[in-house]
Amino acid sequence: MKPTAATAAEISTAVNDWYAHSARDLPWRGAEVTPWAILVSEFMLQQTQVERVLPRWLAWMERWPTASALAADEPGEAVRAWDRLGYPRRALWLHRAAVEISERHGDTVPQSVDALLALTGIGPYTARAVAAFAYGERHPVVDTNTRRVIARLVHGRAAAGMPAPADLADMESLLPRAPEAAAVFNAAAMELGATVCTARAPRCDACPVAAWCEWRGAGYPDNAPEKRPKQARFAGSDRQVRGRIMALLRRSAHPVARAEALEVAAVGGVADQEQPQRAYDSLIADGLIIEADGQARLP
DNA sequence: AAACCGGGGTT
DNA sequence: AACCCAGGTTT
């Protein structure tokens with residue numbers, strides 16, 4: 001059946017009401033949480049699921065409760081504490097951001113989107129997320145979950161296409177006027193996509209806006225855009241080989257010989273003869289490895 | 001615009 | 001085996 005037309009206010013109110021009693025109880029959503037703690041959560045949550053982030057975030061905040069505390073430690077310690085969250089460059093960038101916050105912002109996470117964008121490792125999503133969730137600023141915050149919710153609910157599509165500037169305009173058109181309600185809706189739309197309007201098997205019976213959903217109303221057409229780039233396979237990739245080297249360095253209390261690092265890189269197989277050296281060199285280029293006198297160590 | 005960057009869980 | 005994930009940087 002065709003969905004009943006709904007106003008933006010009806011949608012945001014329904015989603016916010018649902019969020020009030022259905023949201024997961026995540027520690028970075030508490031009232032006492034600092035902007036720094038929220039910034040750390042956003043770094044960790046980039047392309048990484050909530051369940052995997054939780055224990056790492058708790059340990060991180062215990063150890064480095066402020067940006068200056070992290071900045072005072074070695075970057076390598078951040079990489080070590082990052083553990084297996086993936087994309088270890090994020091740990092390095094978070095440490096750099098901590099130094100920048102400590103040195104340029106008096107140990108206070110900046111509030112404006114522009115100032116946040118100037119920090120290392122913060123892009124359009126994270127800047128708006130921190131401004132909205134840490135400071136209550138009214139900005140559209142659009143992640144992969146929100147894009148999918150909007151694609152289905154508003155556009156009647158099975159999945160979102162490539163990220164586009166229109167995503168922000170779409171979200172803006174649904175965003176409540178009041179900053180407080182807007183911040184809640186940003187989180188609520190995300191939560192809806194993460195727990196109900198999921199990519200694989202959406203639970204429409206639990207959705208507060210199912211009656212207004214264009215995709216549901218159209219009979220769930222399989223009209224997903226074809227242009228989504230297929231991600232490269234992980235097995236046998238340089239990324240996997242880099243991961244082996246990083247795992248070795250994380251567990252090593254002392255520098256390791258380059259030869260040992262290259263040997264470990266090949267354990268489990270390589271795509272070609274040059275792959276271990278190529279992965280090793282790329283880690284040096286990224287600043288994740290420091291090499292001196294034939295020894296490799298964390299920065 | 002496309003490539004690259006982890007790693008674990010789900011289907 | 002393919003897909004998915006609170007993205008960002010580089011070319």
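Labels below follow one simple rule: chain letters A, B, ... track the order of the sequence lines, proteins then strands, and each chain is numbered from 1. These numbers were taken from a predicted model, which means no experiment stands behind them.
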Enquirer: Tell me if the side-chain of Thr126(A) makes a donor-acceptor pair with the base of dG8(C), cut-off 3.5 Å, by modelled atom types.
Expert: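 Per atom types, no contact qualifies.
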Enquirer: May I ask you to say whether Arg244(A) pairs ionically with Glu263(A), meaning some side-chain N is under 4.0 Å from a carboxylate O?
Expert: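 Result for this pair is no, no salt bridge flagged.
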Enquirer: Between the side chains of Glu74(A) and Arg80(A), is the shortest nitrogen-to-carboxylate-oxygen separation below 4.0 Å, so that they form an ion pair?
Expert: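 Answer for the salt bridge query: no.
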Enquirer: Checking only heavy atoms, does the side chain of Gln47(A) share a donor-acceptor pair with the base of dC5(C) at less than 3.5 Å?
Expert: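 No, the side chain and the base share no sub-3.5 Å donor-acceptor pair.
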Enquirer: Scan Trp57(A) against the nucleic acid and name what it touches under 4.0 Å (heavy atoms): base, sugar-phosphate only, or nothing.
Expert: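 Nothing, no heavy atom under 4.0 Å.
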Enquirer: Give a yes/no on whether any side-chain N or O of Gln46(A) is located under 4.0 angstrom from OP1 or OP2 of dG7(C).
Expert: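 Looking at the OP1 and OP2 atoms of dG7(C), neither is under 4.0 Å from any side-chain N or O of Gln46(A).
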Enquirer: Using atom types as modelled and distance alone, determine if a side-chain donor or acceptor of Arg250(A) lies under 3.5 Å from a backbone N or O of Val79(A).
Expert: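 Not confirmed, Arg250(A) side chain does not pair with Val79(A) backbone.
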Enquirer: Under 4.0 Å between a side-chain nitrogen and a carboxylate oxygen: does that hold for Arg29(A) and Glu191(A)?
Expert: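 Result for this pair is yes, salt bridge flagged.
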Enquirer: By the 4.0 Å heavy-atom rule, please label Arg148(A) as base, sugar-phosphate, or nothing.
Expert: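 Counting heavy atoms under 4.0 Å across all strands, the contact made by Arg148(A) is with sugar-phosphate only.
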Enquirer: Identify whether any heavy atom of Pro163(A) sits under 4.0 Å from a base atom; if not, whether one sits that close to sugar-phosphate; answer base, sugar-phosphate or nothing.
Expert: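 The residue Pro163(A) makes no contact with any strand.
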Enquirer: Once you apply a heavy-atom cut-off of 4.0 Å, does Arg89(A) come out as touching a base, just sugar-phosphate, or nothing?
Expert: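 Touches a base.
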Enquirer: So for Arg239(A) and dA3(B), does any side-chain atom that can act as donor or acceptor lie under 3.5 Å from a complementary atom in the base?
Expert: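 Answer no: no donor N or O sits under 3.5 Å from an acceptor.
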Enquirer: By nearest heavy atom, map Leu26(A) and Gly121(A) onto DNA chain C; which one lands nearer the 5' end?
Expert: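 Here Leu26(A) is the residue nearer the 5' end.
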Enquirer: Give Thr48(A) one of three labels, base, sugar-phosphate or nothing, depending on what nucleic acid heavy atoms sit under 4.0 Å from its own.
Expert: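 Base contact.
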Enquirer: Just call it for Ala199(A): base, sugar-phosphate, or nothing, with non-hydrogen atoms closer than 4.0 Å on any strand.
Expert: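 Answer is sugar-phosphate: Ala199(A) comes under 4.0 Å of backbone atoms only.
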Enquirer: At less than 3.5 Å, do the side-chain atoms of Arg200(A) and the base atoms of dC3(C) form a donor-acceptor pair?
Expert: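 Such a pair exists between side chain and base.
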